[in-house]
Amino acid sequence: MSVQLKGRDFLTLKDFTAEEIEYFLKLSADLKDKKKKGIPMDVLRGKNIVLIFEKTSTRTRCSFEVAAFDLGMGVTYLDPSVSQIGKKESIADTARVLSRMYDGIEYRGYGQSIVEELAKCSDVPVWNGLTNEYHPTQMLADLLTIQEQLGRLKGVKLTYMGDARYNMGNSLMIACAKMGMHFTACAPKRYFPDEALIKQCEEYAKESGATLRFTEDVEEGTKDVDVIYTDVWVSMGEPDNVWVERIKDLTPYRVTMDVMKNAGENAIFLHCLPSYHDHKTTIGKQIGEKYGLSELEVTDEVFESSYSRVFDEAENRMHTIKAMMAATLGAFENE
Ligand code: CP
Ligand code: NVA
């Protein structure tokens, strides 16, 4: 294998070639298979990792923890209320302290520049567990799920509906452009990704055979595509007062049964989760009641339908994070 992943940071898929991404996916599938068969893979016994979460999480935190335990590693979890990061100690000093104790550092928080600074000042791999701009570990899970469900990546048509300027829209555009997929952002114009990132992705697309499309038209943007993807309309860290305009702007882009039918009978629905598809959450209930909506970015009918593969996708977070850690920590470097 010509890919060299040992010691690498995992900050955005922009930093990886299609061949390297394929390697992560192959290793993920292999580790998933071994887990299902009950074959122990504690190949990183004796190593320790630290997880820094400045925003909340269910999937990402649990995936890092379970994956680390399966690989035989120890884990420390730091949330913002118990660590000194940013308040009493700079990112640079934190990175230098933690890399004396740990073999890998995960960071979930705000600006991408923070995780980049952490990586620059750290001697061990730093893994991005979500920033405002990117969510690269989610991408490995999404690509693995698409490959499992549709049998291929190249040529797959994926439409992202919603706020395409944020971590999920940006990351899906990069992932599709790298892997030769056909990406559509279907949203009002001002929710399209940043021009500079589009240009960069157009360069990747020239090499991979991918295409990028941006449309405000739901019927055109979802017609005959293979994957419909959406995310919450208001992301972690955004102020509550953006809900009014998001609901107004993005309600026409909700994933409904009409959207899924327009996409085609073999289409699948994906969502990084958590999702507001009913009133069974505090925020879903509050917002729903305030604005008279029973569901937000996706209808409950679609979420619970046979189109939906969201729980396969969530499970794959763990297998892909395991592969990403194993590869960057050099678990299989002599194979
Ligand atoms: N998809 C995702 O990152 O979920 P969490 O916020 O629960 O980690
Ligand atoms: N865009 C969402 C993704 C959650 C996994 C957020 O940043 O909150």
Side-chain angles (χ1 to χ4, degrees), residues 10-13 28 49 51-68 75 77-80 106-115 127-146 160-175 185 187 191-194 197 227 229-240 242-243 246-247 249-250 253-255 269-277 280-284 287 296-298 303 308-322 324-325:
F10 191 79
L11 305 182
T12 154
L13 282 198
S28 305
I49 63 165
L51 311 179
I52 306 170
F53 279 83
E54 302 210 87
K55 290 177 178 170
T56 54
S57 168
T58 298
R59 275 147 294 274
T60 309
R61 176 185 174 181
C62 296
S63 297
F64 269 99
E65 292 208 12
V66 173
V75 180
Y77 171 74
L78 291 178
D79 75 39
E106 181 275 355
Y107 174 84
R108 165 174 286 198
Y110 296 88
Q112 181 73 5
S113 59
I114 302 171
V115 79
W127 308 306
N128 179 0
L130 177 144
T131 57
N132 296 345
E133 292 89 340
Y134 306 113
H135 196 4
T137 61
Q138 180 74 49
M139 290 309 104
L140 294 184
D142 295 346
L143 292 174
L144 182 66
T145 310
I146 293 167
Y160 179 82
M161 302 179 80
D163 185 355
R165 312 160 297 181
Y166 219 71
N167 43 27
M168 288 306 305
N170 289 344
S171 299
L172 284 164
M173 179 170 71
I174 297 166
Y191 292 86
F192 289 170
D194 172 65
L197 185 62
V227 183
Y229 203 119
T230 192
D231 179 21
V232 290
W233 289 341
V234 176
S235 288
M236 290 182 275
E238 293 197 276
D240 281 349
V242 300
W243 271 110
R246 290 295 159 78
I247 288 173
D249 293 345
L250 297 178
Y253 298 88
R254 171 184 293 142
V255 180
F269 169 71
L270 296 179
H271 189 311
C272 53
L273 306 182
S275 156
Y276 299 125
H277 58 95
K280 293 178 190 151
T281 62
T282 320
I283 296 178
I287 299 293
L296 296 176
E297 72 275 7
V298 55
F303 189 89
S308 177
R309 303 291 197 278
V310 296
F311 298 109
D312 298 302
E313 183 185 10
E315 177 191 332
N316 282 339
R317 296 298 309 286
M318 198 283 285
H319 304 299
T320 47
I321 282 175
K322 187 188 285 179
M324 187 280 295
M325 287 198 290

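In each ligand, atom 1 is the first atom listed, and ligand 1 is the first ligand listed. None of the values given here were measured: they were computed from a predicted structure. Just the heavy atoms: all of them, side chains too, but no hydrogens, waters or symmetry mates, feed the values below.
- Distances between N or O atoms of Cys272 and those of ligand 1 include at least one value under 3.5 Å.
- Scanning the protein heavy atoms around atom 7 (O) of ligand 2, the nearest turns out to be Asn167 ND2, 2.8 Å.
- Not a single heavy atom of Thr60 sits under 4.0 Å from any atom of ligand 2.
- The shortest N or O to N or O distance between Ser235 and ligand 2 is under 3.5 Å.
- For atom 8 (O) of ligand 2, the nearest non-hydrogen atom of the protein is Met236 N, 2.8 Å.
- Considering all non-hydrogen atoms of both residues, Gly162 and Ala187 come closest at O-CB, 3.1 Å.
- Relative orientation of the Tyr229 and Tyr160 rings is tilted, given thresholds of 30° and 60° on the angle between their planes.
- With a 4.0 Å heavy-atom cut-off, ligand 1 is reached by the backbone of Leu273 but not by any atom from C-beta on.
- Note: an N/O pair closer than 3.5 Å links His135 and ligand 1 by distance alone.
- If you run side chain to side chain contact (heavy atoms under 4.5 Å, CB included) between Cys272 and each of Arg317, Met139, Gln138, only Gln138 comes through.
- Numbered from 1 in the order shown, with element, the atoms of ligand 1 that lie under 4.0 Å from a heavy atom of Arg59 read 1 (N), 2 (C), 4 (O), 5 (P), 7 (O), 8 (O).
- The side chain to side chain donor-acceptor pair (under 3.5 Å) with Asn128 is formed by just one residue from the set Gln112, Glu133, His135; it is Gln112.
- Here the heavy atom of the protein found nearest to atom 2 (C) of ligand 1 is Arg317 NH1, 3.2 Å.
- If you number the atoms of ligand 2 from 1 as listed, the ones under 4.0 Å from a heavy atom of Leu130 come out as 3 (C), 4 (C), 5 (C), 7 (O).
- With atom 1 (N) of ligand 2 as the reference point, the heavy atom nearest to it among Val232, Asp231, Val234, Thr131 is part of Asp231.
- Salt-bridge check for Arg61 with Glu106: failed, with every basic side-chain N at 4.0 Å or more from each acidic carboxylate O.
- With a 6.0 Å cutoff to the six-membered ring centre and a 45° limit on the axis angle, Arg165 does not count as a cation-pi contact of Phe192.
- Remark: distances from the non-hydrogen atoms of Lys55 to ligand 1 are all 4.0 Å or more.
- The only option from Arg309, Glu297, Glu313 that meets the side chain to side chain donor-acceptor pair (under 3.5 Å) definition with His271 turns out to be Glu297.
- Of all the atoms in ligand 1, the ones that sit under 4.0 Å from a non-hydrogen atom of Thr58 are 5 (P), 7 (O), 8 (O).
- Relative orientation of the Phe311 and Phe303 rings is perpendicular, given thresholds of 30° and 60° on the angle between their planes.
- Heavy atoms of Leu273 found under 4.0 angstrom from ligand 2 belong exclusively to the backbone.
- Contact detail for Thr131 and Tyr110: the closest heavy-atom pair is CB-O, 3.1 Å.
- Closest to atom 6 (O) of ligand 1 among all protein heavy atoms lies Arg108 NH1, 2.9 Å.
- What you find for Leu296 and Arg254 is that their closest heavy atoms are O-NE, 2.5 Å.
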